[in-house]
Amino acid sequence: KTFASPDEKGVIFSYLSPDLENGYPGNLLLEVIYSLKEKENIFNIHYHAKSDKDTVLNISNHIYWSIDDGGLDNVSLCVDSSKIGKFYDNSLLLKDVEETDDLHLFKTLSPLKNKLDKIVSSSDIKTIDHTYVFDNEEENKEKVILLSDNIQVTCYTTYSACNIFCDLTRNELDLAN
């Protein structure tokens with residue numbers, strides 16, 4: 001369903017998961033609202049869920065921003081986190097939370113290319129793919145800022161963590177074949 005007002009327009013997706021679907025108890029109604037406030041250049045995602053029984057629910061999104069049109073020289077990243085999640089091998093289950101090493105620390109606005117160059121030179125892994133656990137749970141505080149000459153993405157969330165992924169292998173792929 002779509003909606004529009006003078007200040008905002010968007011779309012609402014809804015899904016009813018019936019009791020015991022995939023083994024989870026409760027009739028769960030989920031709504032995901034994507035909206036755009038054009039005058040302020042603000043894109044929002046809101047999640048609403050209600051179940052008639054206690055149940056487990058993990059809602060996330062996987063938005064990918066392609067920002068490397070002019071290279072990464074003028075791109076900076078800030079993440080309100082000094083801790084990262086550690087997972088069990090071959091699992092998405094969180095094992096522990098530990099302090100972030102200096103290489104993956106983005107507590108202040110940091111040039112992304114400098115960090116990525118250091119990561120590439122010191123590791124076999126050519127990506128950043130970490131779950132950052134936020135230091136501040138204040139709702140109206142910026143949790144992630146991505147800044148370049150052409151774009152600024154500021155993330156506000158009520159979640160306690162987010163995953164930051166930056167792939168440097170894309171340019172090494174041979175797409176001709």
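Given the structure is predicted, the values throughout are model-derived calculations rather than measurements.
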Show, in sequence, the C-alpha distance, side-chain angles and deciding distance for Leu146 and Val75, and conclude whether the side-chain contact (heavy atoms from CB on, under 4.5 Å) test is met. CA-CA 7 Å; Leu146 182 66; Val75 178; 3.8 Å; yes
Using 0.5 Å steps for rounding, measure from the CD1 atom of Ile42 to the OH atom of Tyr156. 8.0 Å
Which atom of Phe134 lies closest to which atom of Val79, heavy atoms considered: CE2-CG1, 4.2 Å
side-chain hydrogen bond (donor to acceptor under 3.5 Å, both in side chains) against Lys53, all qualifying residues, sequence neighbours excluded: Asp19
Under a single-linkage definition using a 4.5 Å side-chain heavy-atom cutoff for Ile, Leu, Val, Met, Phe, Trp and Tyr, are Val32 and Leu28 assigned to the same hydrophobic cluster? yes
Could you give me the CA-CA distance, side-chain angles and deciding distance for Val144 and Tyr132, then say whether side-chain contact (heavy atoms from CB on, under 4.5 Å) is met? CA-CA 10 Å; Val144 180; Tyr132 288 84; over 6 Å; no
Hydrogens and angles aside, do Ser148 and Asn74 bring a side-chain donor and acceptor to less than 3.5 Å of each other? no
Tell me the ring pair (Phe, Tyr, Trp, His ring centres under 6.0 Å) pairs involving residues 98-128, sequence neighbours left out? His104-His130
Sub-3.5 Å donor-acceptor pair from the side chain of Lys115 to the main-chain atoms of Asp102, do we have one? yes
Just how far is it from atom CD1 of Ile59 to atom CD of Glu31, taken to the nearest 0.5 Å? 11.0 Å
How long is the gap from OH on Tyr34 to CD1 on Ile45, to the nearest 0.5 Å? 5.0 Å
Can you list everything that forms a side-chain hydrogen bond (donor to acceptor under 3.5 Å, both in side chains) with Tyr88? Sequence neighbours excluded, please. none
In Å, rounded to the nearest 0.5 Å, how long is the span from CD1 of Ile84 to OG1 of Thr100? 5.0 Å
Do Thr154 and Glu142 meet the criterion of a side-chain donor-acceptor pair at a distance under 3.5 Å? no
Under the salt bridge (Lys or Arg N to Asp or Glu O under 4.0 Å) test, which residues partner Lys37, sequence neighbours left out? none
Compare every heavy atom of Ser17 with every heavy atom of Glu21, then report the nearest pair and how far apart it is. OE1-OG, 2.6 Å
Which heavy atom of Ser51 sits nearest to which heavy atom of Gly26, and what is that distance? OG-CA, 3.7 Å
dist Ile145:CD1 -> Asp80:CG (nearest 0.5 Å) comes out at 9.0 Å
Lys143 to Asn136 - nearest heavy-atom pair and separation: NZ-O, 2.7 Å
Hydrophobic clustering (ILVMFWY, side-chain heavy atoms < 4.5 Å, transitive) - are Leu57 and Tyr15 grouped together? no
Nearest heavy-atom contact between Val133 and Gly85 is CG2-N, 4.2 Å
So how far is it from Lys50 NZ to Leu30 CG, rounded to the nearest 0.5 Å? 14.0 Å
What residues, two or more places apart in sequence or in another chain, satisfy salt bridge (Lys or Arg N to Asp or Glu O under 4.0 Å) together with Asp135? Lys83, Lys107
Quick check: does any side chain N or O of Asn22 sit under 3.5 Å from a backbone N or O of Tyr24, one acting as donor and the other as acceptor? no
Taking atom CG of Asn41 as the centre, does the number of heavy atoms from other residues, nucleotides or ligands within less than 6.0 Å exceed 12? no
Can you name the nearest heavy-atom pair linking Pro18 to Asn27, along with the distance? CA-OD1, 3.5 Å
Check the hydrophobic clustering (I, L, V, M, F, W, Y; side-chain heavy atoms under 4.5 Å; chains of links allowed) and say if Ile164 and Ile151 are grouped together. yes
When you measure from the side chain of Thr55 to the backbone of Pro25, do you find a donor-acceptor pair of N or O atoms at a distance under 3.5 Å? yes
Give a yes or no on whether Leu112 and Leu109 share a hydrophobic cluster (residues Ile, Leu, Val, Met, Phe, Trp, Tyr; joining criterion: side-chain heavy atoms under 4.5 Å apart). no
Got more than 12 heavy atoms from elsewhere within 6.0 Å of CG, Asp54? no
Rest of the hydrophobic cluster containing Ile33 (Ile/Leu/Val/Met/Phe/Trp/Tyr, side-chain heavy atoms under 4.5 Å)? Phe3, Ile12
Could you go step by step and tell me if Cys162 and Thr157 meet the side-chain contact (heavy atoms from CB on, under 4.5 Å) rule? CA-CA 9 Å; Cys162 78; Thr157 183; 5.9 Å; no
